[in-house]
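A short write-up of the structure that comes next.
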Protein chains: 2
Amino acid sequence: MGYTLGLKRSCLTSEEIERRLADAGVHATAQRIAIARYVLCEADHPTADQVKSWADKNFPKMSMATVYNTLKILVAAGLLKKIAFPHLNEAVYDDNITAHYHLIDEKTGRMSDLDPADFKVTANLKGVRIKEIEIFIKGRRELS
Amino acid sequence: MGYTLGLKRSCLTSEEIERRLADAGVHATAQRIAIARYVLCEADHPTADQVKSWADKNFPKMSMATVYNTLKILVAAGLLKKIAFPHLNEAVYDDNITAHYHLIDEKTGRMSDLDPADFKVTANLKGVRIKEIEIFIKGRRELS
DNA sequence: TCAATATTTAGATTAGTTCTAATTCAACTC
DNA sequence: GAGTTGAATTAGAACTAATCTAAATATTGA
């Protein structure tokens with residue numbers, strides 16, 4: 001329930017973004033609000049470069065350092081996940097912060113989320129304390 | 001059977017390495033034999049840098065380009081797997097070319113193999129053609 | 001208002017990896 | 001065997017993602 005694959009939730013206003021930042025203990029500056037709004041509402045698994053490109057069109061004079069700093073702050077605040085997928089050479093950022101897995105389309109390289117409810121994983125590992133399981137699937141979504 | 005976690009198989013001779021290269025359709029040069037022997041027999045999930053360091057001590061005048069080229073050739077030939085683990089910034093190379101999963105020690109960052117026989121993964125994904133599943137577990141091996 | 005602190009900026013820096021052009025090496029032919 | 005051809009190797013430059021730095025700017029609180 002509540003897991004809307006591929007569907008982007010309706011966009012939040014700047015005020016709502018500001019409140020989410022404040023709730024997460026992040027001081028809301030203009031740059032941070034703009035980036036947060038883009039990555040949380042508009043973008044789909046963007047790279048830092050894509051965030052910068054968007055900013056170049058929609059925000060005056062934003063530096064790459066601010067993009068990276070802000071993304072790092074959002075990740076630390078728990079509003080965003082940084083994902084370094086094997087076989088990709090750039091990190092992508094995921095606004096879905098619930099536990100979930102990832103599919104990478106082997107043709108397009110595009111990443112999408114997979115609902116963990118669709119998986120059953122049982123591990124029989126003696127002597128290993130598991131903290132986190134990440135599953136990456138390479139393949140294709142069939143268009144049907 | 002035959003899955004020896006953490007145990008390094010006994011080292012192959014240069015002649016045996018040469019034969020494995022030839023069988024894989026790789027022209028066996030001195031540099032390639034040296035690197036292949038190191039990564040297939042001696043090293044454990046080495047990075048390109050570690051291969052280079054080893055070469056600096058054990059082979060005259062080997063360039064970084066040759067290290068990268070050779071690793072790429074060995075990967076293409078199916079003798080080695082390149083692994084770009086999330087949260088690591090260097091790729092590591094794995095001589096275990098059978099399907100398996102990976103544990104990354106959250107303290108040391110050290111990677112080790114996990115036997116897929118110890119896992120049961122069932123995915124119920126409609127409309128997704130799965131080509132490859134990668135599982136990364138973050139945690140710790142308990143010393144017992 | 002003024003000082004103190006935090007944020008942003010441009011550009012330099014780093015690290016990993018790939019590329020390039022010249023050189024060296026190996027394998028064939030004669 | 002000597003010469004030719006193509007492949008492999010080399011040093012170093014170039015590239016890319018990401019981080020760092022120091023100066024400038026904005027924000028906050030007294």
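All of these numbers come straight from a predicted model, not from anything done at the bench. Chain naming here is simple, since letters A, B, ... match the order of the sequence lines and numbering starts at 1 in each. Side chains are part of it too, since the values below use all heavy atoms of this structure and drop only hydrogens, waters and symmetry mates.
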query: Atom CD1 of B/Ile33 and atom C1' of C/dC25: how far apart are they, to the nearest Å?
result: 14 Å

- prompt: Which part of the nucleic acid, if any, lies within contact of A/Met62, taking any heavy atom under 4.0 Å across all strands shown: a base, the sugar-phosphate backbone alone, or nothing?
  reply: sugar-phosphate

- prompt: Could you go step by step and tell me if B/Arg140 and B/Asp105 meet the salt bridge (Lys or Arg N to Asp or Glu O under 4.0 Å) rule?
  reply: CA-CA 5 Å; B/Arg140 290 226 79 180; B/Asp105 187 300; 3.1 Å; yes

query: Within this structure, what is the CD1-to-P distance between A/Ile73 and C/dA6, rounded to whole angstrom?
result: 12 Å

message: Among B/Asp118, B/Asp115, B/Asp94, which residue satisfies the side chain to side chain donor-acceptor pair (under 3.5 Å) criterion with B/His100?
response: B/Asp94

query: Of the candidate nucleotides D/dC20, C/dT8, D/dA17, which contains the atom at the shortest distance from the side chain of A/Ala65?
result: D/dC20

task: Check whether any side-chain nitrogen or oxygen of A/Thr29 sits under 4.0 Å from OP1 or OP2 of C/dA6, and answer yes or no.
output: no

- request: Could you tell me whether the side chain of A/Leu114 reaches within less than 4.5 Å of the side chain of A/Ile135, counting heavy atoms only?
  value: no

- prompt: Base, sugar-phosphate alone, or nothing: which one does B/Thr66 contact when heavy atoms must sit under 4.0 Å apart?
  reply: base

- prompt: Parallel under 30°, tilted from 30 to 60°, perpendicular over 60°: which one fits the rings of A/Phe136 and A/His102?
  reply: parallel

- prompt: What nucleotide among D/dT10, C/dT7, C/dT9 has an atom nearest to a side-chain atom of A/Arg32?
  reply: C/dT7

query: Rounded to whole angstrom units, what separation is found between the CG atom of B/Asn89 and the P atom of C/dT17?
result: 8 Å

statement: The nucleotide from D/dT10, C/dT9, C/dT17 with an atom nearest the side chain of B/Ala91 is C/dT17

message: Can you identify which nucleotide, out of C/dA26, C/dT17, C/dT7, has its nearest atom closest to the B/His27 side chain?
response: C/dA26

query: Any side-chain N or O of A/Tyr68 less than 4.0 Å from the OP1 or OP2 oxygen of D/dT19?
result: no

Below 4.0 Å: OP1/OP2 of D/dA26 and any side-chain N or O of A/Gln31: no

message: I'd like to know if the side chain of B/His45 pairs up with that of B/Asp95 as donor and acceptor (distance under 3.5 Å, no hydrogens or angles considered).
response: no

message: Let me spell it out: for each of A/Asp49 and A/Asn69, pick the nucleotide of DNA chain D with the closest heavy atom. Which residue's pick is nearer the 5' end?
response: A/Asp49

statement: To the nearest angstrom, the CG-P distance between B/Leu21 and D/dA7 comes to 18 Å

message: Just the rounded figure in Å: distance from P of D/dA18 to CD of A/Gln50.
response: 11 Å

Distance in angstrom units between A/Lys82 NZ and D/dT19 C1', rounded: 10 Å

- request: For C/dT24, take OP1 and OP2 only and decide whether either is under 4.0 Å from a side-chain N or O of B/Lys61.
  value: no

task: Rounded off to whole Å, could you give me the CD-to-P distance for the B/Glu90 and D/dA17 pair?
output: 18 Å

- line: note: B/Lys72, atom NZ; D/dT9, atom C1'; distance rounded to Å ~ 15 Å

